[in-house]
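One structure below.
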Amino acid sequence: MYSTKYMKPNSTSEALDAINSLGEGKFLAGGMTLIPTLKQRLANPDGLVDISGCDLDSIADEGETIKIGAMSRHVSVAESAVVKKAIPALAKLAEGIGDRQVRNRGTLGGSVANNDPSACYPSAVLALKANVHTNSRSIAADDFFTGMFETALEEDEIIESISFLKPTKANYVKFPNPASRYAMVGVFVAQFGDEVRVAVTGAGEGGVFRHQEMESVLSSNFSADSLSSVNIVSDGLISDLHASAEYRANLIKEMTKRAVV
Amino acid sequence: MGEISLNINGKVEKHDVGDNTLLVDFIRENAGLTGTHVGCDTSQCGACVVHIDGVSVKACTMLAAQAQGSEITTIEGIGTSDALHPMQEAFKENHGLQCGFCTPGMVMSAIELVSKNKNASEKDIRDGLEGNICRCTGYHNIVKSVKAGAEKMGG
Ligand SMILES: Cc1cc2nc3c(=O)[nH]c(=O)nc-3n(C[C@H](O)[C@H](O)[C@H](O)COP(=O)(O)OP(=O)(O)OC[C@H]3O[C@@H](n4cnc5c(N)ncnc54)[C@H](O)[C@@H]3O)c2cc1C
Ligand code: FES
Ligand code: FES
């Protein structure tokens, strides 16, 4: 790892001052993505601003939404009574991330800011019409994810919390990569009355995306059978050593069917 | 360079190291506790698992600086050769290891698992050890060891 400077501020505003005092500083949350990246010398920030002391880890029921602090560890979301009651699918998603040690450290904010094309959380943010609250604004999920590892965040913008809209019903099913546990394909299906949102992760070359055709089919008939007629095209899907685009296309349909119960 | 002071197994370890020092390197190189192992560079193998305030973490994926102010427990901190921790005893009695490389991490993960879930089923144990890779035993005896360890720990 290249040499770097470690800073641990006690509030979001101090964290912003710290990041602005650096040339190419990086926020450090759970470190489960950033530290491996630094170890492999794929990044060379002149400073790391640890945001674990900034009081960003509360989880609250706000009526129509559940608001989760960016520093909430995956294990806290998985075990939260509030999340389990209002959006059990979200607790299930968190419980399925990586392994126990990854969940003990990794955070919601880190996962969403990183926008790994195989990460689980981005699909929940998109399907549950979430709002990403930063130090300066609120960004709607549909505007937040702008491409693989790309988001609408500015360099010095910090995610403080994310509000997830409570669905009538929701489910997340993933086909985990057997080695890493990341999603080879993961599908988050959320129903809000007559409206259905289907967000697919692990598959798109541009990162997480909504599948409009499945959304409209499921809106008129919420059943796994109704998906049989849908043709999932493999254009724009990832092909790598783990799976071809055609295989992923098939998994998208299969995971969605399993999610519709 | 700066001074980093960590509480490891109840003892204060103060060393002049760079901010980029990994916790696992601080434990092995500076504190001289080589029971915590390094088996990969992708945060997947779990040979480096230690406890921070009772929570299992991969010491290879954390900076020493991030652990300041916490209580760190390594495999050396849970028992001695004369008085093994019940989980270590269970691994010994059930042939839960062959080469032993993964064992410190397995034991540390298993202790957290059992402390959270005294009646862990075989599935709970297998899920709980997802982050620990063993290249020798075939896992069967590891699962058996954790079950036996849970009983010894009062499950
Ligand atoms: C072995 C392994 C298995 C994994 N399996 C899965 C899996 O199955 N599914 C899955 O979804 N993920 C998986 N992950 C990734 C894991 O969920 C990470 O925790 C997550 O992607 C990053 O979160 P973090 O808190 O560790 O962020 P960090 O690594 O600390 O940061 C990641 C990036 O986000 C930025 N950042 C962090 N917090 C904020 C914030 N609040 N505001 C703005 N920017 C911020 C950082 O600057 C950095 O660029 C796995 C990781 C490992 C090591
Ligand atoms: S050394 Fe492999 S996970 Fe830490
Ligand atoms: S006993 Fe050899 S790696 Fe597990």
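Letters go in sequence order (proteins before strands), and every chain restarts at 1.
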Considering only distance and modelled atom types, tabulate donor-acceptor pairs under 3.5 Å from the side chains of residues 24-35 of chain A, sequence neighbours left out.
none

Against chain A, label B/T21 side chain, backbone, both or neither, depending on which of its atoms sit under 4.5 Å from a heavy atom there.
neither

Side chains of A/Q101 and B/S56, donor plus acceptor under 3.5 Å
yes

Which answer fits A/S180, side chain, backbone, both or neither, if we ask what part of it has an atom under 4.5 Å from a heavy atom of chain B?
both

Would you sort out whether B/R126 and B/E122 count as a salt bridge (Lys or Arg N to Asp or Glu O under 4.0 Å), showing the intermediate values?
CA-CA 6 Å; B/R126 288 187 185 269; B/E122 170 163 352; 2.9 Å; yes

If the contact rule is any heavy atom under 4.5 Å from chain B, which residues of residues 4-18 of chain A qualify, in numerical order?
A/T4, A/K5, A/Y6

Between B/D124 and B/K116, is the salt bridge (Lys or Arg N to Asp or Glu O under 4.0 Å) condition met? List the steps.
CA-CA 11 Å; B/D124 296 336; B/K116 293 247 153 64; over 6 Å; no

Parallel, tilted or perpendicular, as decided by the 30° and 60° cut-offs, for the rings of B/H15 and B/F26
perpendicular

Criterion side-chain hydrogen bond (donor to acceptor under 3.5 Å, both in side chains) on B/T80 and B/D82, from CA distance to verdict
CA-CA 5 Å; B/T80 63; B/D82 297 330; 5.1 Å; no

Non-hydrogen atoms of chain A under 4.5 Å away: do they reach the side chain of B/V57, the backbone, both or neither?
both

Using non-hydrogen atoms and a 4.5 Å limit, figure out which bit of B/L22 sits close to chain A: side chain, backbone, both or neither.
side chain

Check B/E130 with A/R103, please: is the shortest side-chain N to carboxylate O separation under 4.0 Å?
no

For chain A, which candidate among B/Q68, B/Q66, B/Q44 shows the most heavy-atom pairs at distances under 4.5 Å?
B/Q66

Check A/T134, A/T151, A/N135 against A/E157 for a side-chain hydrogen bond (donor to acceptor under 3.5 Å, both in side chains) and give me the one that passes.
A/T134

